[in-house]
Amino acid sequence: MNEATPTEQPMAEEEALPSPPLLTLNGVSVQYGRTEVLTDIGFKVHAGDYIGIAGPNGSGKTTLMKAILGLLPLSSGNIQHGNSDSGSVHGRIGYLPQKAFSADRLFPAEVREIVAMGRLAGKRGFRFLNSLDREAVEAMLQKLNLSDLRNRRIGSLSGGQQQRVLLARALVGNPSILLLDEPTSALDPKVREEFYDILGRLNQEDRTTILLVSHDMGSIGKYTQKLLYLDRQILFFGSWEEFCRSSDMSALFGTLSQHNFCWRHTHA
Ligand code: ADP
C-alpha cells in the first residue's frame with residue numbers, strides 16, 4: 001500500500017530545484033585599519049526574498065551594506081552577483097538611503113527628474129533618456145502613485161512622498177535587488193505603515209527581492225520573511241518561523257522579546 005510510484009521521485013526532485021541565488025556572500029570579512037568589524041559572513045539571497053538585516057548599533061550593518069554595494073574592500077571572502085563576480089554592481093542593486101531627501105523646499109529638481117536619475121545611473125558615455133527610459137519613468141511614477149506629483153519640486157513634498165520618490169528612483173532601473181537602509185526612520189507611524197505596505201506589495205506582486213536594514217527588530221519581524229541577525233558575525237540567518245522556534249534565539253533575546261518579534265508569525 002505504501003509503495004512509492006516510480007515516477008514520483010524524479011518529479012519531486014525537479015520541483016525542488018532552487019533558482020540560482022541573486023547574491024552570494026562567501027566568508028566575507030571587512031577591516032577598518034587593523035580592526036575586523038565583519039567576520040566570515042556567508043549567506044545567499046534568492047529571487048523573491050524579503051530579508052531583514054538587523055543587529056545592535058555598531059554591529060556592522062552599514063559596513064555590510066557598503067560591502068554589498070561594492071564600496072569597501074574585503075579583507076577576505078568574496079561577493080557574487082548572480083553568476084558573475086562582483087566587479088560592478090551597476091544596475092544590480094537599487095539602493096534607498098536612510099534619510100528622506102534633505103528637505104530644502106527650494107531644491108530645484110522635480111519628481112520626474114529625480115526618478116529619471118535612476119535610469120541614467122547605469123548608462124556610460126553620453127547620458128540621455130531614450131523613449132524606453134521615459135516610458136519606464138512614467139510607468140514607475142504611476143506604480144508608486146506619483147503621477148500627480150511628477151512636476152512638483154521634491155523639496156515641497158511630505159517626508160512620505162519624498163521617500164516614495166526615492167523608492168521610484170531606486171526601482172526604475174529594474175535592479176535585481178532593492179536594498180533599503182532604515183527607510184522609515186524619518187517617517188511618522190502612519191506613513192511608515194503605508195511605506196511598508198508598498199514594499200510588501202512590491203515583494204508579493206512583483207517578486208521584488210528586498211534587503212531591509214534596520215535596528216528595529218519589531219518592524220523587521222512584522223514585515224519581512226527572513227532575518228539575518230548580525231553582531232559582527234552572523235548570529236542567525238533563516239526564516240522567521242525558524243527564528244521563533246530557536247532556543248538559541250530565546251536565550252539571546254529573552255522569551256518575551258522573541259515572542260514580540262514573532263507575533264505575526266506565530267499567529268499567522
Ligand atoms: P552599524 O551600522 O550596525 O551601526 P557600522 O557598520 O556602522 O555598524 O559599524 C561597525 C563598527 O565599525 C563600529 O564599531 C564602528 O565604530 C566601526 N566603523 C564604522 N565605520 C568606520 C570607519 N570608517 N573607520 C573605522 N571604524 C569604523
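As the structure lists them, so they are numbered: ligands from 1, and atoms in each ligand from 1.
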Next item on the list: Write out the residue and atom name of the closest protein heavy atom to atom 8 (O) of ligand 1, then the distance separating them to 0.1 Å.
Entry: G60 N, 3.1 Å

Note to self: Checking the side chain of N203 only, and the main-chain atoms of G200 only, is there a donor and an acceptor separated by less than 3.5 Å?
What the structure shows: no

Next item on the list: In sequence, state the C-alpha distance, the side-chain angles, and the governing distance for L199 and L167, and then conclude on side chain to side chain contact (heavy atoms under 4.5 Å, CB included).
Entry: CA-CA 9 Å; L199 292 184; L167 180 61; 4.1 Å; yes

Note to self: For atom 9 (O) of ligand 1, what is the closest protein heavy atom, and at what distance to 0.1 Å?
What the structure shows: T63 OG1, 4.0 Å

Check: Can I234 and Y229 be said to form a side chain to side chain contact (heavy atoms under 4.5 Å, CB included), step by step?
Finding: CA-CA 6 Å; I234 293 181; Y229 193 78; over 6 Å; no

Check: Tell me: protein heavy atom nearest atom 2 (O) of ligand 1, and distance?
Finding: T62 OG1, 2.5 Å

Margin query: Taking the ring of F237 and the ring of F243, is the distance between their centroids below 6.0 Å?
Written below: no

Margin query: Using a strict threshold of under 4.0 Å (side-chain N to carboxylate O), is an ion pair present between R245 and E241?
Written below: no

Next item on the list: Could you tell me whether ligand 1 has any atom less than 4.0 Å away from a heavy atom of P56?
Entry: yes

Notebook entry, point to check: Just checking, any donor-acceptor pair under 3.5 angstrom between side chains of Q258 and T255?
Noted result: no

Check: Considering only the protein, which heavy-atom contact is closest to atom 4 (O) of ligand 1, and what is its distance?
Finding: G58 N, 2.8 Å

Check: Quick one: does H215 get within less than 4.0 Å of ligand 1, heavy atoms only?
Finding: no

Next item on the list: Any atoms of ligand 1 less than 4.0 Å from a non-hydrogen atom of R232? List them with their elements.
Entry: 11 (C), 13 (C), 14 (O)

Check: Checking side chain to side chain contact (heavy atoms under 4.5 Å, CB included) for the pair I154/E110: CA distance, chi angles, key distance, verdict?
Finding: CA-CA 6 Å; I154 181 141; E110 292 175 6; over 6 Å; no

Notebook entry, point to check: With a 4.0 Å cut-off on heavy atoms, is S59 touching ligand 1?
Noted result: yes

Notebook entry, point to check: Is the shortest side-chain N to carboxylate O distance from D206 to R201 below 4.0 Å?
Noted result: no

Notebook entry, point to check: Any protein heavy atom under 4.0 Å from atom 21 (C) of ligand 1?
Noted result: yes

Check: Heavy-atom distance from atom 16 (O) of ligand 1 to the protein below 4.0 Å?
Finding: no

Item checked: Nearest-neighbour protein heavy atom for atom 19 (C) of ligand 1, which is reported as residue plus atom name and distance -> Y32 CE1, 3.4 Å

Next item on the list: Treat each ILVMFWY residue as a node, draw an edge where side-chain heavy atoms are under 4.5 Å apart, and state whether L71 and I177 are in one component.
Entry: yes

Next item on the list: Could you tell me whether V37 approaches ligand 1 through its side chain, its backbone, both or neither, with non-hydrogen atoms closer than 4.0 Å?
Entry: side chain

Check: With a cut-off of 4.0 Å, which atoms of ligand 1 are near a heavy atom of N57?
Finding: 4 (O)

